[in-house]
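Report on one structure; see the data block that follows.
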Number of protein chains: 2
Amino acid sequence: MPKIVDHEARRRLIADALLRIASRDGLDAVSLREVAAEAGVSMGMVQHYFATKDQMLMFALTQLNARIGERVAGAMDAPSPRAFLRAAILELLPLDDERRSESRIGLAYLARSVVADELADLLRQALPYVIGFYAEQIRAAQELGQVHADLDPRIEAVILYTMAQGLVNPALIGHLSPEDVAATVDYHLDRLFLTSG
Amino acid sequence: MPKIVDHEARRRLIADALLRIASRDGLDAVSLREVAAEAGVSMGMVQHYFATKDQMLMFALTQLNARIGERVAGAMDAPSPRAFLRAAILELLPLDDERRSESRIGLAYLARSVVADELADLLRQALPYVIGFYAEQIRAAQELGQVHADLDPRIEAVILYTMAQGLVNPALIGHLSPEDVAATVDYHLDRLFLTSG
DNA sequence: CATTTTACGATGCGGGTGCATTGTAATCGC
DNA sequence: GCGATTACAATGCACCCGCATCGTAAAATG
């Protein structure tokens, strides 16, 4: 075996370049040549690490998901279900430059999932996990007496998730400020929880 | 002046073809040639009625918005604020083939608005109108004693809108059935309103 | 009837696309 | 040292893109 290189590191290098382009100019602007240029490598190298453009796009998304997932996991030591839910949701919203960038990319992939089957499959698999997680927290809060017992954790979780997703675009195009977004989330949590802890 | 033709009818013919392609294969699949073929006309004719592709895309969107707007207006004679809000929101969700198609197109345009300024402008203008409408209904319901007086109509309207928007993708990729979607909306309205009328 | 204006249809151009092919330098096992 | 394998770089190909250009048929106007 020749020329020892870190295969995964190269793939991440390329995927990062792709995500920068997607954030800046949209998924439409992502081409093999553009990605190669952004990463500062040759087009041949991009092709060497990804057989097709679709594979590259999928890998970049898993890369992005992993990045976000780590941050959410970092909030898991929150002192209460409410604090954790708040942190987890705000992590998905475009409140600063980093998350704004991620939201732009995420929205592009979301739209693409409508016509790209493998992408839809991935989201279909991820959704129950995320919503289930929210539901679990709400259920835990109910047992702690922090949420009314007669609320449906499953549906409340769906509403929480969909509200967050729906907030993305109004925030991105500037209709809602970061403060508006945070206030809306807190307002909703105030209605869901009995205590502010 | 020669050859009497209905200018607007031709533009609608072309825009309808564009929307069919966008619904079927996404906005990426929309090209002058493809639109011309779908409409059964020559590419020269498409160019005759739209100077640029962007103008064509924008016109098609206003066409779509008008179509949806008419349906929402048709629900305005609902017997109560709650009934109207329910109808207006369900009108935006992919509960049948027609609205499923519209949702697919709408999501594609929504994602595009992140990188297309004129599109973002259009949405930025439309948002206050839609949300304001919801807020008005909630305020009216408060005066009728059908909604708790200490709720914020503006924020409740934002949550209502964002929840609806967030429901679109899970519904489109099949994570939520049409029944799930309707049940989620009704659940949320049950929490918002004091009466089920 | 002539002129002008509109409504197209056909074609071409420069540029970008994903992907295949080819060549080559480097490093391993032997 | 040597064949084999890996890691690229360079180039080419067939196709598609938006848009401009050119030609022409038809109808209203004088």
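Small disclaimer: the values here were computed from a predicted structure and weren't measured.
Note that CD of Gln165(B) is 3.5 Å distant from OH of Tyr161(B), once rounded to the nearest 0.5 Å. Within the model, atoms CZ of Arg82(B) and CG of Leu192(B) stand 8.5 Å from one another, a figure rounded to the nearest 0.5 Å.
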Only distances under 3.5 Å count here; give the side-chain donor-acceptor pairs of residues 131-149 of chain B to other protein atoms, sequence neighbours excluded, each with its distance to 0.1 Å.
from      : atom 1 : to        : atom 2 : distance (Å)
Gln142(B) : NE2    : His148(B) : O      : 3.0
Gln142(B) : NE2    : Leu151(B) : O      : 2.9

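In this structure, His7(A) atom NE2 and dT6(D) atom C1' are separated by 11 Å, rounded to whole Å. Rounded to whole Å, atom C1' of dC8(C) lies 16 Å from atom CZ of Arg11(B). One can place CG of Asp54(B) at 14 Å from C1' of dC17(D), the figure rounded to the nearest angstrom. Taking atom CG of residue Leu18(B) and atom C1' of nucleotide dG18(D), one finds them 14 Å apart after rounding to whole Å.
Remark: Asp96(A) engages Arg99(A) in a salt bridge (charged side-chain N to carboxylate O under 4.0 Å, His left out) (not counting sequence neighbours).
Under the 3.5 Å distance criterion, with hydrogens and angles disregarded, no donor-acceptor pair is assigned to the side chains of Thr62(A) and Asn65(A).
Contacts between residues 21-51 of chain A and DNA chain C, defined by a heavy-atom separation under 4.0 Å, are made by Val30(A), Ser31(A), Leu32(A), Arg33(A), Met43(A), Gln47(A).
The aromatic rings of His7(A) and His48(A) sit perpendicular, their planes meeting at an angle over 60°, well past the 30° parallel limit.
Residue Arg10(B) has no polar side-chain atom (N or O) positioned under 4.0 Å from OP1 or OP2 of dA7(C).
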